[in-house]
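The structure appears below as structure tokens.
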Amino acid sequence: MNTPVYDFVNKYKTGGSVRLHMPGHKGMGGLGCEKLDITEIAGADELYDAEGIIAEAEDNTSKLYGSGRTLWSAEGSSQCIRAMLYLAVYGIKNTSGERPVILAARNVHKAFLYGCALLDIHAEWIYPAISSGSICGSPVTADDVAVAIDRLDSMPAAVYITSPDYLGAMADIKGISEACHQRGVMLIVDNAHGAYLNFLPESLHPLSLGADVCSDSAHKTLPVLTGGAYLHISDSAPAGLQERAKQAMAIFGSTSPSYLIMQSLDLCNRYISDGYRERLEKFIEKLDSLRNRLQSYGWQLYPSDPLRLTVSSDAISGHELAERLRRDYNIEAEYADSRFAVLMLTIENQADLGCIDEAFKLIGQDLQGRPALEQGRPLPYPVCPVRMSIREAILSDYEEVSPRKALGRICAAPAVACPPAIPIAVSGEEITALASDWFISCGINKVLVVKQG
Ligand SMILES: Cc1ncc(COP(=O)(O)O)c(C=O)c1O
């Protein structure tokens, strides 16, 4: 597959032009990549009005994913999420003064809340029948979605699902998309953790399973620089979305998107088209055997997407496990909480499988005979009463208080640790005793609440 953006910049790099344009480093500096960091010079195209090399490369990505249209983001899925919300609500005539409603599984990333604040959207939450016991998981089913849509007085602008979630749990996107489409509702998926899912022997990518629009953080699971992401619009998405999508991205993006990130996205097209499917399949086989070995050493493996190891044990907390991996084996996990340590792998970790195996074997041996930890019963998801709109709360004056003092107060900005950046209480909700317990159990000691008086 061709790489027009990468080729253009490399030609410019060696052409010896006098750089009387931005950026100010003029191609020099200590990072070593400055020569490749350009701006919208002649021939370089323009991300938000792409007609040349960027349009061609985005089209290549679209072909790889079989989408109706794919747009690049140099500002992560966070930008795509805001754009997807815009695509769900633009054109809705707000004659009754009511906010457009998006029906969402509760484990949204905080970018969703910021998007709701900017666009003055009301989020109705879908809660799973059974709590996952983790703030990361909100395992809603197709039935939960159907019931939630049917319960509303009017149609929501969209249903919004996060899948895979931070622990790697995957929602039944096929069933959920059918439930949505039977009711004439569009399905949006935050697939930040699943850009690679399209290249499995049987695609598990949300677009293949019926989502209308989805965002992928290419940088999370593909060899792309941090910030590189895709907004995909399905061929069968509601009319007008493909045409509006660039405008939607432009509203929330910088007018100076990084050409380094765009070159990286461009090179990733070639990487994917050049035998990635086969390499991925082989790597996943190896990872599956590693999973089996870890289980044989006594570790529990949470069901997750294929490129993730979500590991726990009754004898050690996720935090301690991640700490021991770091301290004793120089292994840095993506995320840990009281139960799980989450390891995110890609094909680039091929050479690391042996040391992961060794580390878990030795830690497992060391834990033998250690009594099981006192694991309190998992807290149910905190369902808090709504006292003001997300927008009002996020734009309000706030103060910082401890989780206990936050009791009964209205959440202003989402208090979350990043990762996983999933709000425990949503802006505008009254903080209940359960939410306060959640803050404490997640190690959050400062909560932003709306100032009184
Ligand atoms: C589920 C989820 N959605 C969205 C995002 C935002 O993605 P990005 O960092 O690409 O902006 C993240 C980031 O971790 C995430 O975990």
Side-chain angles (χ1 to χ4, degrees), residues 107 109-110 131-137 164-169 192-193 217 219-221 226 286-287 289-346 348-379 402-403 414-424 436-447:
N107 57 339
H109 184 267
K110 65 179 175 181
S131 171
S132 71
S134 161
I135 203 72
C136 300
D165 67 27
Y166 226 98
L167 301 180
H193 290 248
S217 294
H219 68 92
K220 292 194 198 299
T221 59
T226 297
K286 288 191 183 155
L287 208 49
S289 341
L290 176 62
R291 250 188 212 98
N292 291 338
R293 288 200 297 283
L294 300 196
Q295 278 169 327
S296 76
Y297 307 147
W299 296 99
Q300 292 149 21
L301 273 292
Y302 182 83
S304 71
D305 67 289
L307 282 185
R308 188 179 324 235
L309 299 175
T310 302
V311 190
S312 67
S313 155
D314 295 339
I316 190 170
S317 70
H319 291 301
E320 190 189 341
L321 174 56
E323 178 53 30
R324 288 181 72 161
L325 287 169
R326 177 185 304 120
R327 190 193 60 204
D328 300 337
Y329 301 95
N330 205 15
I331 292 173
E332 192 65 39
E334 163 62 28
Y335 167 69
D337 63 17
S338 59
R339 282 173 67 199
F340 301 107
V342 176
L343 313 182
M344 285 177 75
L345 295 97
T346 69
E348 321 312 316
N349 289 113
Q350 196 88 242
D352 302 323
L353 299 184
C355 80
I356 299 171
D357 185 329
E358 182 74 359
F360 278 92
K361 188 169 163 187
L362 295 176
I363 300 174
Q365 282 169 1
D366 196 42
L367 293 178
Q368 269 170 18
R370 209 199 235 201
L373 293 175
E374 287 277 327
Q375 293 273 14
R377 277 210 318 195
L379 292 171
S402 71
V416 288
C418 189
I422 300 162
I424 289 169
S436 170
D437 288 345
W438 265 102
F439 286 132
I440 292 164
S441 80
C442 292
I444 293 170
N445 47 27
K446 283 183 211 139
V447 182

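Keep in mind it's a predicted model, so treat the numbers as computed, not measured.
The heavy-atom pair separating G364 from W299 by the smallest distance is N-CZ2, 3.7 Å. Listed here is the closest heavy atom pair of T221 and H193: CG2-O, 3.4 Å. When all heavy atoms of N107 and C136 are compared, the pair lying nearest together is ND2-O, 2.9 Å.
S217 places no side-chain N or O within 3.5 Å of a backbone atom of H219 that could act as its donor or acceptor partner. The closest donor-acceptor contact from the side chain of R291 to the backbone of P306 lies under 3.5 Å. Formation of a donor-acceptor pair under 3.5 Å by the S304 side chain with backbone atoms of L167 is not found in this model.
In this structure, L290 and N292 have side chains that are not in contact, with every pair of non-hydrogen atoms separated by 4.5 Å or more. Side-chain contact between K286 and Q350 is present, with at least one heavy-atom pair separated by less than 4.5 Å. In this structure, L353 and D357 have side chains that are not in contact, with every pair of non-hydrogen atoms separated by 4.5 Å or more. The shortest distance between side-chain heavy atoms of I356 and Y329 does not fall below 4.5 Å. Put simply, the side chain of L345 reaches to within 4.5 Å of the side chain of L287, judged on heavy atoms.
A salt bridge is absent between E320 and R326; no separation between the charged side-chain nitrogens and carboxylate oxygens falls under 4.0 Å. R324 and D366 are joined by a salt bridge, as a carboxylate oxygen and a charged side-chain nitrogen come within less than 4.0 angstrom of each other.
In this structure, OG on S313 lies 12.0 Å from CZ on R339, to the nearest 0.5 angstrom.
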- Message: Would S134 and D337 count as a side chain to side chain contact (heavy atoms under 4.5 Å, CB included) here? Give the steps.
- Response: CA-CA 9 Å; S134 161; D337 63 17; 4.1 Å; yes
- Is there a side chain to side chain contact (heavy atoms under 4.5 Å, CB included) between F360 and L343 once you walk through the steps? CA-CA 12 Å; F360 278 92; L343 313 182; 3.7 Å; yes
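Between the side chains of Y166 and E334, at least one donor N or O lies within less than 3.5 Å of an accepting N or O.
Open room surrounds CG on N330; 12 or fewer heavy atoms of other groups in view lie less than 6.0 Å from it.
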